[in-house]
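Chain naming here is simple, since letters A, B, ... match the order of the sequence lines and numbering starts at 1 in each.
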Protein chains: 2
Amino acid sequence: MYEQLKLENQLCFRFYTISRLITQAYRPLLSRLGVTYPQYLVLLVLWEKDGQPVNDIAKHLCLETNTVTPLLKRMEQEGLVTRHQGERDSRQVIVCLTEKGLKLEESARDIPAEMGANYACSAITRDNVGDLFQTLDSLTETLKPEKQ
Amino acid sequence: MYEQLKLENQLCFRFYTISRLITQAYRPLLSRLGVTYPQYLVLLVLWEKDGQPVNDIAKHLCLETNTVTPLLKRMEQEGLVTRHQGERDSRQVIVCLTEKGLKLEESARDIPAEMGANYACSAITRDNVGDLFQTLDSLTETLKPEKQ
DNA sequence: TCTATTTATATCGTTCACGATACAAATGTA
DNA sequence: TACATTTGTATCGTGAACGATATAAATAGA
């Protein structure tokens with residue numbers, strides 16, 4: 001048994017697990033909005049700037065369009081967004097929030113604070129969360145595939 | 001637009017993204033073994049201790065058996081593991097490595113080091129990776145659902 | 001012993017992720 | 001203008017994740 005192959009020595013497994021546990025922690029909060037976690041991320045993107053093409057949304061979330069397209073279709077069926085052809089470039093599909101999608105922002109306002117309570121543990125505090133953000137962001141940049 | 005709902009202020013999104021990017025970075029390395037990332041995690045568990053029931057494997061990975069069962073079936077089809085009924089408790093399914101599964105450990109030996117090169121960025125070094133482990137582990141513990 | 005409860009695993013349905021591929025619109029080039 | 005290439009999105013297939021539910025074996029309690 002190689003030491004470096006032990007689960008406890010894997011950085012990857014920690015991120016894998018935390019990511020899933022966070023999504024699980026979000027589930028009860030997001031059920032109030034009637035959305036999944038990836039759908040919530042799309043809403044965050046659109047609340048920040050409404051009326052974006054599929055590709056821009058995908059880029060913000062570091063996802064491919066073949067993941068985002070069906071996601072957006074489900075959100076369209078739920079009446080959260082509309083999708084219409086771009087005017088300047090008719091290949092584009094512009095995604096806009098519906099009245100319902102817009103209004104959900106109000107309901108989502110307290111979710112970050114409620115999730116913050118879940119993060120409340122010895123190692124992550126208001127003081128050092130900035131450092132953690134920095135570490136994670138540099139890791140993200142390093143891992144991002146080359147965008148030529 | 002509420003400040004706390006911006007994507008850049010989300011801890012969750014950082015973990016979500018990093019987890020996916022890490023899995024993507026593993027893909028070319030794991031293709032040499034012919035396994036997916038979750039399957040690789042199962043191998044890590046079994047290389048550490050062969051012949052575990054499904055439930056133990058699931059617990060190590062913080063997964064449910066309804067995720068692990070089909071995963072193991074696919075690995076069985078690939079000839080990496082065998083699944084046989086437990087002797088003490090016939091409800092249990094004991095998972096063992098095959099000769100092929102055992103031998104893969106040798107091929108996997110250098111994967112952690114190769115992945116380490118991907119992590120090589122300003123913010124994560126040999127000096128501070130221990131601190132990061134500690135932070136991530138405390139977060140994991142906090143997020144783990146109560147196991148009564 | 002008989003029945004109720006718990007435990008270990010499996011099945012089903014839905015939603016993601018993502019590689020591979022398709023296709024039409026836009027752009028570049030001869 | 002004609003044709004090749006690029007770009008934006010969609011489709012298809014596979015493998016996770018996971019909630020809900022099912023089922024049989026084991027255990028507990030009356």
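A straight line from CD of B/Glu87 to C1' of D/dA26 spans 17 Å, rounded to a whole angstrom. The CG atom of B/Leu63 sits 17 Å away from the P atom of C/dA8 (whole-angstrom rounding). For the pair A/Gln85 CD and C/dA24 P, the interatomic distance rounds to 13 Å; values are reported in whole Å. As a whole-Å value, the separation of B/Arg88 CZ from C/dT7 C1' is 13 Å.
Judged purely by atom type and a 3.5 angstrom limit, A/Gln10 uses its side chain to pair as donor or acceptor with the backbone of A/Gln4. For A/Thr140 (side chain) and A/Leu136 (main-chain N/O), a donor-acceptor pair under 3.5 Å exists by modelled atom type.
OP1 or OP2 of D/dA24 has not a single side-chain nitrogen or oxygen of B/Ser90 nearer than 4.0 Å.
B/Thr69 OG1 to B/Glu64 CD: the interatomic distance, rounded to the nearest 0.5 Å, is 10.5 Å. In this structure, B/Cys12 SG and A/Asn118 CG are separated by 11.5 Å, a value rounded to the nearest 0.5 Å. One distance of note links CG of A/Leu7 with CG of B/Leu61; it measures 6.0 Å at 0.5 Å rounding. For the atom pair B/Asn55 CG and B/Thr65 OG1, the distance stands at 6.5 Å (nearest 0.5 Å).
For the pair A/Lys73 and A/Glu76, the salt-bridge criterion is not met [side-chain N within less than 4.0 Å of a carboxylate O].
Ring-plane geometry between A/Tyr40 and A/Trp47 is classed as perpendicular, the angle between the planes exceeding 60 degrees on a 0 to 90 degree scale with a lower cut at 30.
In this structure the side chain of A/Arg20 reaches within 4.5 angstrom of the side chain of B/Leu63, judged on heavy atoms.
Listed by residue number, the members of residues 38-52 of chain A with any heavy atom below 4.0 angstrom from DNA chain C are A/Pro38, A/Gln39. Taken residue by residue, residues 6-35 of chain B places heavy atoms nearer than 4.0 Å to DNA chain C at B/Tyr16, B/Arg20, B/Gln24, B/Arg27.
In this model, a donor atom of one side chain and an acceptor atom of the other lie less than 3.5 Å apart for B/Tyr2 and A/Glu106.
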(message) Across nucleotides 8-14 of chain D, 5' to 3', mark each nucleotide with B, S or - according to how protein heavy atoms within less than 4.0 Å reach it.
(response) SBSB---
(message) Test side-chain contact (heavy atoms from CB on, under 4.5 Å) on B/Leu41 and A/Tyr16; report intermediate values, then the result.
(response) CA-CA 10 Å; B/Leu41 293 179; A/Tyr16 167 79; 3.4 Å; yes
